[in-house]
Amino acid sequence: MAAPSRQSLLEGLTPEQQAVVTHERGPLLVIAGPGAGKTEVMLRRAAYLVLERRIEPEAILLTTFTRKATEELRVRLASLLGPQVERLLIATIHGFCQWLLEQFPDRHPFGQPLRILDEHLQHLFVFAHVEALGLNQPRGRLGEYIADVIAAFNAYSEDLVDPEALVVHLPSKSDDPEALAVAAAYCRYRRLLDESGWLDFPGLQREAYRLLREDDEVRATVQSRFQHVIVDEHQDTNILQDLILGIVAAPEMNLCVVGDDDQSIYRFRGATVANFLRFPELYPQARRIELSHNFRSRRPIVQVASRLIAHNPLRYAKTIEAVRGDGPEVLLVTSDDVDDEGERLAALIATLRAEGAIERWSDVAVLYRSVRYYAQPLLAALAARGIPAVATGNGGFFDRPDIQQLRDLIVALGWPSSWRPDHFAGPVLALTPETVDRLAAFAGNIWELDERGLEALGITDERDRSLLAGLVALRRRVKARQHGSILVLIDEILARSGYVARCIERGDTRAVLNLAQFSRLAADFDRQERSAAPFRFGEFLRSLPERSLDEVEPEDEDAVQVMTIHQAKGREFPVVILASLVEGRLPGRERPARFRIPPELLPQVTPPEIAARRLTDPEEALSDQRRLAYVALTRARDLLVLSAPARIRRQRSRPSRFLDEMGLTAERTSAPPVPRLSLAGTRDRTRRRELGTSAIVTYATCPLRFYLLYEAGFELPAWPTVQLGNAIHLTLAALHRRVLAGQPVDEEFAADLFDRYWQPLSRHASARLEGLYETGRTAVIRYVTNWHRTFERIVGVEQQFCYPAPHGLVTGRIDLVRACPDATLELVDFKTRATAGIALIRPDFQLRLYAAAFEQAVQRPVGRLTVHLLADDREESWGWSDEERARIQAELAAIWDGIAARNFPPHPGTHCVACEVAAFCPAMTKGA
DNA sequence: TAGGCACCTGTTTTT
DNA sequence: CAGGTGCCTA
């Protein structure tokens, strides 16, 4: 691929955009309004630094807000930079902190690998330690209380509140016993975390900040590596994050922050637009560039939005130019109350489609401040008209009957007295009505029945009987504590009932996605709670805040997009309807956080006036909501519809003050005329994505397996053989690294390494695991004995690569790279399975894929591809030719097309015996 | 203008 | 369930 020239990096950009790309050194503030093309400009700047200024890619740090955004940046930058993109650090700020801690494992007490509490794990952690934290007297529901407490903990951490100082000084500032209890709990929480070696998300940042500040060597290393720091979405950084970035960029201050003060909507989570607004004050030498062309929205939309946001007192004043020119006027839909509003909006959407203003339902997005609470009337009205809609942020995960039945079954397996007859009647088991009746009439203990007993009960259906007998057997395993994990129970129930296979067969992808989410929830539980006790799992589920989990929706349907304004951020739609513009909803009533930090207790890093304003100023709260409305308005490309009900339900209410501020009056109107739109070129491009080689190989063997594992994201019980594979993999990687470092290795060293990597994985001792341990240990020792002659040829270990294929980015890691006598490279992949199992995973395809990707990335010819079969103590090799390169590229393109077309049929074959999702597969279960 | 009672309503979410 | 709003009364 030819590298883009300076010319092409600047092509098609406005002079302001070009100035951002070519800015030489020193702090740079980029104020980028909506639709200003900021992502493209940022990426071109990064590419420009590498290609024109000859900055090493490693010297560039690019941070953004979400992981999804980092993926998008990586994929898009790959088309400018090629495989070099791998060498830049593109990460969320959390990701950067994690990277930093991993770089310096001996400079902090959190070990390696880091154990990070994600959202669910943090909830579980607090839930598991309620009593130790002194929080066992919750006010209201336990789940809500834990959520509030966690919010307080995270706020304390991110504002660098010293826990000891908090308990000492809070009593003089506050007489709220609850707040005092939470402060004390925070102290214990921090101590518990430290003792157990877990890091929560704020802890990750706090620890990175501490290292950067207190450890001169870490700071010097990091500062000398990153000569350029580019920060996306800077208006949504919090105080701690901004401090971290400031230190990293400190020596030369090549700190480029990109953002829009008008789109800062994460205040409730600790983000401070002040970081962005104070940038010129903090760095007086900073250059300031405004990107004020809007390439997205028609002029009336830009005008209305600009008029609204001008009412915010603290902002950079800006004039935005609507490049796309004039368009239809903004529509105002009035209604009696929120039920009426739903009706009218549904009718409007139907009309838009009927009159050809839009071509697809998904051209329309309806935005609410809260989908959970506000969207029901619209969803009902759409459903009544048969208009498809997806509502993200609906909180309805546990409303699904299948999820309920699965949950009830699991709890009942461990705690039979929780069993109620109606738990039998659900879609997962799908028992016949007669069976359900018989079971409901039965007064005894179902778990004590065997197959004959079930027959005696009058259960005649053979499938029902064997399914129930299977559950009884499972209950016995649980009772004997032999089941291992909650994940095993889910897997067994889904496999025995055939529910997943039935869902796949009738195309119910929604069910599959939600079952996968349930499996992830259980995997989190298993990771934190080693008890595997169903009762505890039930308690955990009950402890989750009400409606805190969304029902997962399939993305690919053509459906009206109903979502929260927060979720719409960064996206665009031809038609946007901003609904429920009524006082009390947008703007809503400000409710202060349950546990507040007295500003006096904040450490000196925060200017007190900012701390105070962020937390308490009602004017700032209103500004925040105005920004929220602004974000919503500016999502629209062609048509913006505002909807203002006269009341919420019965109580009188007023139309949102924001309507006045936009210069619109909420006069009652009849149905507004529908304008004609020309939507040419407004379609979202299909998202180019990043795929690992293992995912691609999986698709190549069986698209359905790929779907279940990588699209739906099923968590499955770890098969013992997978444990073995992991341990061997880690062992060989460490062994090879040592060889590469020029240090001696022998059999004893290899065996010790294996012991180290095996032990943490074996929780339950069993004969099976003992056998696997012996197998692994032997294989590793034998490898050193018989293959040490190849060690001198090792030139790369666990070599990462990425390959910008035409359809997306392929990433992967090669176990081992050896030099060949003819100066070509040999790529080696280690396999634990015996030859019989090997044919099933297409190692030749995998290695050719590696070769195609790797030779691009390192620009050295690959001559030989090798699979090392540890179980058989032998290697198998292939050559690598132009012909094969062409073939693999064609195959890769076909795979990518298949994934993009969402084509996921099962591909049955001999490999199915080794497939962990065979029991979910219609092709397998039908035959059986 | 203050006080009391009835009635209504009910954030946002990423790492 | 709990806190706030609005209406009514004194």
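It should be emphasised that the depicted structure is a prediction, and the values quoted were computed from it without experimental measurement. In the text below, chain A, chain B and the rest are named by the order of the sequence lines, each starting its count at 1.
Note: NZ (A:K569) to C1' (B:dT13) measures 12 Å, nearest angstrom. Put simply, CD on A:E119 is 13 Å from P on B:dT12, counting in whole angstrom units. Between A:H120 atom NE2 and B:dT14 atom P the separation is 11 Å, expressed in whole Å. Straight-line distance from the CZ atom of A:R206 to the P atom of B:dT15: 20 Å, rounded to whole Å. For the pair A:I265 CD1 and B:dT14 P, the interatomic distance rounds to 11 Å; values are reported in whole Å. For A:E233 and B:dT15, the CD to P distance is 12 Å, given to the nearest whole Å. Here B:dT15 presents its P atom at 14 Å from CG of A:D524, a figure rounded to the nearest Å.
In the model, A:R626 has no side-chain atom that pairs as donor or acceptor with a side-chain atom of A:Y630 under 3.5 Å. Side chains of A:Y189 and A:Q122: a donor-acceptor N/O pair is present below 3.5 angstrom, by distance only. A side-chain N or O of A:S580 and one of A:R585 form a donor-acceptor pair less than 3.5 Å apart.
You won't find any donor-acceptor pair under 3.5 Å spanning the side chain of A:R369 and the base of B:dT12, going by distance alone.
Legend: residues meeting ring-ring contact (aromatic ring centres under 6.0 Å, His included) with A:Y368, ordered by chain and number and at least two apart, are absent. Partners of A:F65 under the ring-ring contact (aromatic ring centres under 6.0 Å, His included) rule, at least two apart in sequence or in another chain, are A:Y266.
The side chain of A:T564 has B:dT12 as its nearest neighbour among B:dT15, B:dT9, B:dT12. Among the nucleotides B:dT12, B:dT9, B:dT14, the one closest to any side-chain atom of A:I648 is B:dT9. When distances run from any side-chain atom of A:R585 to the nucleotides B:dT15, B:dT11, B:dG10, the shortest one goes to B:dG10. Comparing B:dT12, B:dT15, B:dG10 by their closest approach to the side chain of A:S370 singles out B:dT12.
Residue contacts for A:Q567: at a heavy-atom cut-off of 4.0 Å it reaches the sugar-phosphate backbone alone, with no base atom in range. Here A:Y373 lies in heavy-atom contact (under 4.0 Å) with sugar-phosphate atoms only.
Here the separation of B:dT11 from C:dG4, taken at their P atoms, is 13 Å to the nearest Å.
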